[in-house]
Amino acid sequence: MQKDLLDWFDQNKRLLPWRVERTPYRTWISEIMLQQTRVETVIPYFLRWMEKFPDIAALAESDEQTVLKCWEGLGYYHRARSLHHTAITINQTMDGIFPSDPKVMQKLPGIGRYTAGAIASIGFGIPAAALDGNIRRIYSRTGDISLPQRTSECEKILWNMAEELLDPDRPGDYNEALMDLGNAVCTSTNPHCESCPITSFCLAYRNHTVAIRPVQTAVKSIPHYQVAAAVIRKAEDNQPDRYLLAQRPAKGLLGNLWEFPGGKIEADETVQECLQREIREELDTTVTIREPFGTYRHAYTHFRVTLQAFLCDINGQIPRPVEAQAIAWAAADELDRFPMGKIDRLISERIKNI
DNA sequence: CAGACGTGGTA
DNA sequence: TTACCAAGTCT
């Protein structure tokens with residue numbers, strides 16, 4: 001199976017930016033960006049990142065806001081903060097050299113068992129196993145595994161397969177070959193078994209169970225929240241209007257990113273009451289709510305929101321950050337500098353069009 | 001160990 | 001529109 005798979009890879013390998021000029025640093029950055037993220041999405045981010053942060057030292061010397069701005073839109077922002085933090089650690093305690101031992105890698109934030117195995121095998125040529133979503137799917141099919149995915153029992157079997165089937169001579173190519181095969185041939189829906197190089201080794205193909213492998217576990221429905229946000233505007237003499245931004249806490253959703261203040265509408269309150277309450281709680285002031293400023297729908301991983309924005313004027317005391325780490329007054333043409341999540345970026349774009 | 005953690009694409 | 005996915009990790 002290893003030979004047939006590697007022969008297929010030699011013919012069908014995708015040309016990707018991180019596959020030219022292989023270095024541990026480039027491999028590391030690409031693997032982190034690719035976590036839960038499509039190749040096509042990652043490519044432009046990877047190219048921009050390498051322009052801005054060509055090596056570990058450049059990343060370590062930059063500030064986190066610059067890093068987050070470069071990451072904006074990719075999601076799972078703890079990945080960017082971990083990259084930055086790790087670059088500083090490597091510079092300060094590891095002589096600026098990325099470790100080659102997967103056990104050492106796994107101690108670094110953002111690098112788990114999969115990523116350590118991927119960087120070790122792909123970046124260093126070390127025979128380390130890697131098990132990602134693609135490889136889970138392929139081994140669930142070749143082994144015709146009837147255990148539900150993501151249970152500890154199933155994980156143990158799949159990791160054992162990854163260890164035992166790994167090609168010791170070309171571990172990196174082998175792991176990448178499985179991921180390319182999973183992307184192009186052994187796909188989640190409508191797999192192309194007719195063009196698969198390893199059907200003769202595939203038990204699910206023989207048993208006609210490809211369509212029901214891997215066995216998916218039931219997903220629960222996600223909640224939908226109604227949310228309000230305030231676009232607080234400040235007019236100044238002979239100057240462009242400024243808008244209030246708040247920096248979110250470091251931990252949790254969209255950590256350290258900037259937003260227009262607001263929050264969840266409780267069951268017993270109106271949008272306006274919600275805004276006044278949130279402004280009081282977050283900024284310790286009150287506002288006059290003016291006209292609606294758009295309705296925005298967005299789906300996060302584990303919940304969905306419909307957000308109603310309103311233009312507001314401060315009518316209380318000077319706002320101060322209570323829940324937020326900091327606040328800033330930005331002119332329309334300054335909004336792009338602040339790293340934000342998707343919804344707040346959409347609101348920013350609308351402000352720029354006023 | 002279940003749930004948190006983003007976003008854009010596709011069926 | 002909803003559901004689910006896509007090179008996972010952390011708590």
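Every heavy atom of this structure was used, including side-chain atoms; hydrogens, water molecules and symmetry mates were not. Below, chains carry the letters A, B, ... as their sequence lines are ordered, and counting in each starts from 1.
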Worksheet item: Contact class for A/Arg136 (heavy atom, under 4.0 Å): base, sugar-phosphate, or nothing?
Response: nothing
Item to complete: Answer yes when A/Glu349 and A/Lys352 have at least one side-chain N-carboxylate O distance shorter than 4.0 Å, and no when they do not.
Response: yes
Worksheet item: Can you check the A/Tyr225 OH to B/dA4 C1' distance for me, whole Å?
Response: 11 Å
Fill in: Proximity of A/Trp18 and A/Phe46 rings by center, below 6.0 Å
yes
Discussion item. Looking at every heavy atom in both A/Ile119 and A/Thr27, which two are closest together, and how far apart are they?
Written reply: CA-CG2, 4.1 Å
Practice prompt. Please state whether the phosphate of C/dA6, meaning OP1 or OP2, lies under 4.0 angstrom from any side-chain nitrogen or oxygen of A/Tyr76.
Written response: no
Practice prompt. Using the P atom on both, measure C/dC4 against B/dG3 and round to a whole Å.
Written response: 15 Å
Worksheet item: Between A/Met33 (CE) and B/dG6 (P), how many Å, whole number?
Response: 15 Å
Worksheet item: So, do A/Trp71 and A/Ile32 sit near enough that their side-chain heavy atoms are less than 4.5 Å apart?
Response: yes
Worksheet entry | Interatomic distance, A/Glu259 CD vs B/dG6 P [rounded to whole Å] | 13 Å
Discussion item. Closest approach to the side chain of A/Arg38, judged atom by atom: which nucleotide of B/dC5, C/dG8, C/dA6 is it?
Written reply: C/dA6
Practice prompt. Would you tell me if any nitrogen or oxygen in the side chain of A/Gln35 comes within less than 4.0 Å of OP1 or OP2 on C/dA7?
Written response: no
Fill in: Check: A/Tyr300 ring centre within less than 6.0 Å of A/His298 ring centre
yes
Worksheet item: Mind checking the P distance from B/dG8 to C/dT9? Whole angstroms is fine.
Response: 23 Å
Worksheet item: What nucleic acid atoms does A/Leu254 come within less than 4.0 Å of, heavy atoms only: base, sugar-phosphate, or nothing?
Response: sugar-phosphate
Fill in: Carboxylate-amine/guanidinium contact A/Asp313 A/Arg290, below 4.0 Å
yes
Worksheet entry | Gap in Å between the two C1' atoms, one belonging to B/dG6 and one to C/dC5, rounded | 13 Å
Worksheet item: So does A/His78 get a side-chain nitrogen or oxygen closer than 4.0 Å to the phosphate oxygens (OP1/OP2) of C/dT9?
Response: no
Fill in: Touch class at under 4.0 angstrom, heavy-atom based, for A/Gly252 against every strand present
sugar-phosphate
Practice prompt. Kindly say if A/His302 contacts the phosphate of B/dG3, meaning a side-chain N or O under 4.0 Å from OP1 or OP2.
Written response: no
Discussion item. Mind checking if A/Thr41 touches a base, just sugar-phosphate, or nothing, with heavy atoms under 4.0 Å?
Written reply: nothing
Worksheet, complete the sentence: Between A/Lys251 and A/Asp180, whichever has its closest DNA chain C nucleotide further toward 5' is A/Asp180
Worksheet item: Reckon A/Arg304 has a side-chain N or O less than 4.0 Å from the OP1 or OP2 of C/dT1?
Response: no
Worksheet item: Per the atom types in the model, does the base of B/dG8 pair as donor or acceptor with the side chain of A/Thr37 at under 3.5 Å?
Response: no
Practice prompt. Determine the contact category for A/Gly341: base if any of its heavy atoms lies under 4.0 Å from a base atom, sugar-phosphate if only primed atoms, P, OP1 or OP2 are that close, otherwise nothing.
Written response: sugar-phosphate
Discussion item. Both conditions, 6.0 Å and 45 degrees, for the charged tip of A/Arg248 above the ring of A/Trp258: are they met here?
Written reply: no
Worksheet item: Checking all strands, does A/Val42 fall into the base, sugar-phosphate, or nothing category for heavy-atom contacts under 4.0 angstrom?
Response: nothing
Item to complete: Look at all strands and tell whether A/Leu178 reaches a base, only sugar-phosphate, or nothing, counting heavy atoms closer than 4.0 Å.
Response: nothing
Fill in: A/Glu40 CD - B/dG8 C1' separation (whole Å)
10 Å
Discussion item. Let me spell it out: for each of A/Arg150 and A/His298, pick the nucleotide of DNA chain B with the closest heavy atom. Which residue's pick is nearer the 5' end?
Written reply: A/Arg150
Response to the item:
To the nearest angstrom, the CG-P distance between A/Leu108 and C/dT9 comes to 12 Å
Discussion item. Classify A/Trp18 by what it touches in the nucleic acid, base, sugar-phosphate, or nothing, heavy-atom distance under 4.0 Å.
Written reply: base
Practice prompt. Looking at every strand, decide which applies to A/Ile111 at a 4.0 Å heavy-atom threshold: base, sugar-phosphate, or nothing.
Written response: sugar-phosphate
Discussion item. I want to know whether A/Phe303 and A/Tyr225 have ring centres closer than 6.0 Å.
Written reply: yes
Practice prompt. Pick the C1' atom in B/dC1 and in C/dG8, then give their distance to the nearest Å.
Written response: 15 Å
Worksheet item: Atom CZ of A/Arg113 and atom P of B/dC1: how far apart are they, to the nearest Å?
Response: 15 Å
Worksheet entry | Side-chain N,O (A/Arg14) to OP1/OP2 (C/dA7) below 4.0 Å | no
Worksheet item: So what does A/Ala299 touch, heavy atoms closer than 4.0 Å: a base, only the sugar-phosphate, or nothing?
Response: base
Item to complete: Using atom CD of A/Gln149 as one end and atom C1' of C/dC4 as the other, report the distance to the nearest whole Å.
Response: 15 Å
Worksheet item: On DNA chain B, nearest-nucleotide positions of A/Ile343 versus A/Ser152: which is more 5'?
Response: A/Ser152
Discussion item. Between A/Pro109 and A/Val39, which residue's closest nucleotide on DNA chain C lies nearer the 5′ terminus?
Written reply: A/Val39
Worksheet entry | Same-atom distance (P) from C/dA6 to B/dC5, integer angstrom | 23 Å
Item to complete: Look at the side chain of A/Thr115 and the base of C/dG8, then say whether one donor and one acceptor between them are separated by less than 3.5 Å.
Response: no
Worksheet item: For A/Glu155 and C/dG8, what is the distance between atoms CD and C1' respectively, to the nearest whole Å?
Response: 11 Å
